[in-house]
Amino acid sequence: MEQLYQPEIVERDAQQYWDEHRCFEVTEDTSKEKFYCLSMLPYPSGRLHMGHVRNYTIGDVISRFQRMQGKNVLQPMGWDAFGLPAENAAIKHKVHPAKWTYANIEEMRSQLKRMGYAYDWSREVTTCKPEYYRWEQWLFTRLMRKGLAYRANGIVNWDPVDQTVLANEQVIDGKGWRSGAPIERREMPQWFLKITEYADELLDWLDKLDDWPESVKTMQRNWIGRSEGIDIEFPVAGHDALRVFTTRPDTLFGVTYMAVAPEHPLAAGVARNNPGIAAFIDECRKVQASEAALETLEKKGMPIGVNAQHPLTGEDIPIWVANFVVMSYGTGAVMAVPGHDERDWEFATKYGLPIVQVIEPLDDATVDLSQDAFVAYGRLINSGEYDGMSYEEAFDALAAYFEAQGTGQRRVNYRLRDWLVSRQRFWGCPVPAIYDNDGEPEPVPDDQLPVVLPENVEVTGGASPLIDAPEFQNATDPDTGAPVRRESDTFDTFMESSWYYARYTSPGADAMLDERARYWLPVDQYVGGIEHAILHLIYARFYYKLLRDEGLVDSDEPFIRLLCQGMVIGETYYREDDKGHKTYYNPADVELERDAGGRIVGARLISDGQPVTPGPIEKMSKSKNNGIDPEALLSRYGADTVRLFVVSDVPPDQALEWSEEGVEGMFRFLKRLWRLVRECVERGEPAELDLSALTPQQKALRRTTHKTIAKVTDDITRRYAYNTAIAAVRELLNAVAKFNDDSALGRAVVREALRSSVLMLTPVVPHVCHSLWYALGGDNAVVDESWPVFDADAIESDSVEIVVQVNGKLRSRIQVAADADRDAMEEAALGDENVQRFIEGAAIRKVIVVPGKLVNLVV
RNA sequence: GCGAAAGUGGCGGAAUUGGUAGACGCGCAGGAUUUAGGUUCCUGUGGGGUAAUCCCGUGAGAGUUCGAGUCUCUCCUUUCGCACCA
């Protein structure tokens, strides 16, 4: 065994062993329980960042731990390779997006390999390869035939100067990122997937995802935004009836005005002959362009001079056009009940519209509608024959009435919209559709798939080059042989990331998935960033149901357990010039000054020794220059130290603060571990572990060993608490370091403690444990070893320390027999010297005894 | 505005079911080793107090309890998500 811990040698050896023995390549083995552990695949942006390292280390710890539990563990990796940054790089460096992407993948794959992650690289997926996306196209053509994929008008960001559609992130302050021209919202034909068809299922299954974070489920519920209500028609003389959606039909008698969105057809119709209304609508449109203004927008409206008729009372109700009504939700028109809706109240108060009470509280509390709207459910009043009804009774009665009249119906409304999947971009999966002469889209037949993205085009940043590529655009009709035009749109990249986890199970299959998918799916553990809580995780769940309904998988949800890891954050340092412009400095180039108590009192740039100002601790980013390159750490400390750091400090779902000293501490720990093992080995071979001959000290160390095994196992399996698991192992090693017993039997107890520690640390720091395990006499490579077995007998003890409280305050700790009963514990407590000082002269009123733990004397 | 999570030493955090507050580590201080720095090792480290298993102490205030960091209520602060949702 080497004298000192040398990570570069240790890590090279371990990785070589894993490669040569193909340790992480798995097949479908029905004799073992399978475990599919998945980390979100990266976008190949160029280099690994600390966020990746944290994500993938957590996944790797779980995978390696499950493997030690005897499971058949699949842990794959791939590349989310389509997307805008590749196009941007292509424009900037005049290289094809494919070339840039593949070069980045090479670089990042080698970085991942240096981290020692236990991936089955034989299943690697690269989403920009035709062999991958052809199956996405294949499924899409099926969805077209089922009517689940359709073409309709959608709103896009249109750059009038570059004559192109922009992605949201290319619109900065309402202007095009390259042209600087104000961006228009333009309606154009787009492709959609009917996710709303699955809205109820997506919502209902959330309740069954017990091992998902509550926060993610809440976000998804809000995003789906299911609400039950009634569509009601209000007749309008000389116009089509005005249809509104309401969740509060019980307040129908309180309607005092109607409000429609500026884009509503009724408003648009009136505006043709009314310049005032037209001007107002125009004003609303301008404001909408700037998203920021929307937040603080004042509620504004104008009466359009047309009345609707109340469907029950026949009264005239004025119709207003109002900026707070949005066209994309419900019907784009609302019935306003200022007495029982906060927003309607605010608007009515501003414009002097009448406010009527039609609901009274169930508890007969007083209601003052001049102060505030009363929004709670209650009992109907001033509502004719419906008076006295509850919310539910009124809902049912009114729904039945309008359904019988044919002027309304119950409806479930969703916030969720159908998924707009087409993009007018080049670097994406081509939408597999062709247009015949009448412009109707048709699916590309199976034998003509994949529709391959051409490589001989130039990406300029203007319109997609697919539009001007005749060899791509010109296709023939499969039935008639007539020339047809090919769709030039590509898919949203969320399409590829919605099913990659399924493709990993069927590498090389000449189908989207094959029977192997049924063995591996669903994913047992998914690990990724919280930023994907809504979009990616809803789309992937939706897509899985599409796969299920196509007969490709036989379960309902793709991810059983979900872990969302927190951000990696770091200190920021800057200097500000006269104009208030801040220049940020990387924390690696800054040195801190402390006072004698260890408090930080200043920070200086190492290069010039001049002070810099500490800013807030923020997510690592280019703009704040507080990112740490994992590569530099890898060469300095090795992969194990970096792996240890990212899981040791905080639980995985919390933000992890970068600290140079923290990394040093991890490196120090590994050096210390190495030394403890070396010293143990140098002391010579131990005796057989004869349990009947142990001294009390030896028993105590064994107890610590097995208590640690129990705790670490529980921390990892149940709590995801790697930080406390590692702390427990450190405590055990501290106990080993203090253990002064060089007898043969003492060495046996130490060796058991060290072997257990090495096994427990293997998932986190697999390289160093590979070496240490052999040093401690391991016959097999530690990667093939099982998790240490907890020995319940070892933790049994003759006596335990209990706590004695007087009036709930800690007064003493005493030793009692482990099996002491209540009376014995009470007696021992009363006999304690220090306890007596506090109960002297007082009467004991009550004694609370928690067996094996504490006695509380109430005086 | 709505929803969710959180607030504990100089710092990151631990305390899992209401039962020993501060595990583990960073930093700092003292000592040993070293020509020196670094490394490594040992000791100490919430505040107060000469000291004691003495007092105080988990954002603020109240409450429940023999006992509250943990439960309840009110308030303050921070972070995240959604945002005119009818």
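Chain naming here is simple, since letters A, B, ... match the order of the sequence lines and numbering starts at 1 in each.
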Checklist entry - Atom CD1 of A/Ile726 and atom C1' of B/rG25: how far apart are they, to the nearest Å? => result 11 Å

Item to check | Presence of A/Asn834 side-chain N/O under 4.0 Å of B/rC54 phosphate oxygens OP1/OP2 | outcome: yes

Checklist entry - Touch check for A/Arg226, heavy atoms < 4.0 angstrom, all strands: base, sugar-phosphate only, or nothing? => result nothing

Checklist entry - Can we say A/Arg636 and A/Glu664 salt-bridge, meaning some charged N sits less than 4.0 Å from an Asp/Glu carboxylate O? => result yes

Checklist entry - With a non-hydrogen cut-off below 4.0 angstrom, is A/Asp341 in contact with a base, only sugar-phosphate, or nothing? => result nothing

Next on the checklist: Any N or O donor-acceptor pair under 3.5 Å from the base of B/rU16 to the side chain of A/Lys711?
Outcome noted: yes

Next on the checklist: Side-chain N or O of A/Arg675 versus OP1/OP2 of B/rC41: is the shortest distance under 4.0 Å?
Outcome noted: yes

Checklist outcome for this item: Using Watson-Crick geometry (N1-N3 plus N6-O4 or O6-N4) or G-U wobble (N1-O2, O6-N3), each under 3.5 Å, B/rU39 is paired with none

Checklist entry - If you check the A/Arg719 side chain, which of B/rA15, B/rA14, B/rU53 turns out closest? => result B/rA15

Checklist entry - Are side-chain heavy atoms of A/Leu537 and A/Leu562 found at a separation under 4.5 Å? => result yes

Next on the checklist: Heavy atoms from C-beta onward define the side chain here; which of B/rC54, B/rA86, B/rA23 lies closest to that of A/Thr724?
Outcome noted: B/rA23

Next on the checklist: Using a heavy-atom cut-off of 4.0 Å across all strands, would you classify A/Gln805 as base, sugar-phosphate, or nothing?
Outcome noted: base

Item to check | Nucleotide nearest A/Ile534 when distance is taken to its side chain, options B/rG27, B/rG81, B/rU20 | outcome: B/rG81

Checklist outcome for this item: Rounded to whole Å, the OH-C1' distance (A/Tyr722 to B/rG13) equals 18 Å

Checklist entry - A/Ser659 near the nucleic acid: base, sugar-phosphate alone, or nothing, with a heavy-atom cut-off under 4.0 Å? => result nothing

Next on the checklist: Counting the atoms with a prime plus P, OP1 and OP2 as sugar-phosphate, which does A/Phe667 contact under 4.0 Å by heavy atoms, base, sugar-phosphate, or nothing?
Outcome noted: nothing

Checklist entry - Is there a Watson-Crick or G-U wobble partner for B/rA51 with both distances under 3.5 Å, and if so, which one is it? => result none

Checklist entry - Given atom CE of A/Met219 and atom P of B/rC80, what is their separation to the nearest angstrom? => result 12 Å

Checklist entry - In the strands shown, is B/rU34 matched to any nucleotide by a Watson-Crick or G-U wobble pair with both distances under 3.5 Å, and which? => result none

Next on the checklist: Surrounding CD of A/Glu682 (heavy atoms of other residues, nucleotides or ligands, distance under 6.0 Å), is the total greater than 12?
Outcome noted: yes

Checklist entry - Reckon A/Arg730 touches a base, only the sugar-phosphate, or nothing at all at heavy-atom distances under 4.0 Å? => result sugar-phosphate

Item to check | More than 12 heavy atoms from other groups under 6.0 Å of NZ on A/Lys350 | outcome: yes

Next on the checklist: Using O4'-C1'-N9-C4 for purines and O4'-C1'-N1-C2 for pyrimidines, with syn meaning within 90° of 0, is B/rG9 syn or anti?
Outcome noted: syn

Checklist outcome for this item: Side-chain atoms of A/Glu657 come closest, of B/rG12, B/rA86, B/rU40, to B/rG12

Checklist entry - Can you find a side chain N or O atom of A/Arg343 that sits less than 4.0 Å from OP1 or OP2 on B/rA83? => result no

Item to check | Shortest side-chain distance from A/Ile848, nucleotide among B/rA86, B/rC66, B/rA23 | outcome: B/rC66

Item to check | A/Val850 or A/Glu214, whichever maps to the more 5' nucleotide of RNA chain B | outcome: A/Glu214

Next on the checklist: When the C1' atoms of B/rA52 and B/rU65 are compared, how many Å lie between them, rounded to an integer?
Outcome noted: 30 Å

Item to check | Sugar-phosphate, base or nothing in reach of A/Asn734, heavy atoms under 4.0 Å | outcome: sugar-phosphate

Checklist entry - So do A/Tyr722 and A/Val764 actually touch side chain to side chain, heavy atoms under 4.5 Å? => result no

Checklist entry - Of all residues at least two apart in sequence or in a different chain, which pass the side chain to side chain contact (heavy atoms under 4.5 Å, CB included) check with A/Ala336? => result A/Tyr257, A/Asp344

Checklist entry - Using purine N1 to pyrimidine N3 plus N6-O4 or O6-N4 for Watson-Crick, or N1-O2 and O6-N3 for G-U wobble, both under 3.5 Å, which nucleotide pairs with B/rG12? => result B/rC24

Next on the checklist: Is A/Arg594 close enough to B/rA29 that one of its side-chain N or O atoms is under 4.0 Å from OP1 or OP2 there?
Outcome noted: no

Next on the checklist: Measuring only the P atom in each nucleotide, how far is B/rU20 from B/rG3? A whole number of Å is fine.
Outcome noted: 34 Å

Checklist entry - Touch check for A/Val650, heavy atoms < 4.0 angstrom, all strands: base, sugar-phosphate only, or nothing? => result sugar-phosphate

Checklist entry - Can you tell me if A/Asp653 uses its side chain to pair, donor with acceptor, with the backbone of A/Gly566 under 3.5 Å? => result no

Item to check | Atom C1', compared across B/rG25 and B/rA14: separation rounded to whole Å | outcome: 11 Å

Checklist entry - When you match A/Asp649 and A/Asn856 each to their closest nucleotide on RNA chain B, which lands nearer the 5' end? => result A/Asp649

Checklist entry - Between A/Lys853 and B/rU20, is there a side-chain N or O to OP1/OP2 distance below 4.0 Å? => result no

Checklist entry - Across the strands shown, which category fits A/Lys217 at heavy-atom distances under 4.0 angstrom: base, sugar-phosphate, nothing? => result nothing

Checklist entry - Just checking A/Val858: base, sugar-phosphate only, or nothing, at a heavy-atom cut-off of under 4.0 Å? => result sugar-phosphate

Next on the checklist: Taking 4.0 Å as the cut-off, does a side-chain nitrogen or oxygen of A/Arg415 come that near to OP1 or OP2 on B/rC2?
Outcome noted: no

Checklist entry - Which of the following nucleotides, B/rC26, B/rU16, B/rU39, is nearest to the side chain of A/Lys671? => result B/rU39

Checklist entry - Taking atom P in both B/rU45 and B/rG10, what distance in whole Å separates the two? => result 15 Å

Checklist entry - Distance between the C1' atoms of B/rA86 and B/rU78, in whole angstroms? => result 33 Å

Checklist entry - If we take the P atom in both B/rA62 and B/rG44, what is their distance in whole Å? => result 38 Å

Next on the checklist: Output the rounded distance in Å from CD (A/Glu531) to C1' (B/rC82).
Outcome noted: 17 Å

Item to check | A/Lys217/A/Glu214 salt bridge by N-O under 4.0 Å criterion | outcome: yes

Checklist entry - Does B/rG7 pair with anything, Watson-Crick or G-U wobble, both distances under 3.5 Å, and if so, with which nucleotide? => result B/rC76

Item to check | Under 3.5 Å donor-acceptor pair, A/Lys299 side-chain atoms to B/rC84 base atoms | outcome: yes

Checklist entry - Does any nucleotide pair with B/rU64 by Watson-Crick or G-U wobble geometry, both distances under 3.5 Å, and what is it? => result none

Checklist entry - In terms of side-chain heavy atoms of A/Arg813, which of B/rU20, B/rU53, B/rU16 is nearest? => result B/rU20

Checklist outcome for this item: Pairing partner of B/rG69, by Watson-Crick or G-U wobble and under 3.5 Å for both distances, is none

Item to check | Under 4.0 angstrom between A/Asn222 side-chain N/O and B/rG81 OP1 or OP2 | outcome: no

Checklist entry - On a whole-Å scale, what distance lies between the C1' atoms belonging to B/rG59 and B/rU79? => result 15 Å

Checklist entry - Quick one: which of B/rG19, B/rU20, B/rA23 gets closest to the side chain of A/Glu801? => result B/rU20

Item to check | Complement of B/rG81, any strand, by Watson-Crick or G-U distances under 3.5 angstrom | outcome: B/rC2

Next on the checklist: Roughly how many Å apart are B/rC26 and B/rU74, using the P atom of each and rounding to a whole number?
Outcome noted: 42 Å

Checklist outcome for this item: Side-chain contact check for A/Ala727: nearest option of B/rA86, B/rA15, B/rC24 is B/rC24

Checklist entry - Short question: side chain of A/Thr641, backbone of A/Gly638 - any donor-acceptor pair under 3.5 Å? => result no

Next on the checklist: Rounded to whole Å, please give me the gap between CG in A/Leu670 and P in B/rG25.
Outcome noted: 13 Å

Item to check | Options B/rA21, B/rU40, B/rU16, nucleotide nearest the side-chain atoms of A/Arg718 | outcome: B/rU16

Checklist entry - Within a radius of less than 6.0 Å around CD of A/Glu827, do more than 12 heavy atoms belonging to other residues, nucleotides or ligands occur? => result no

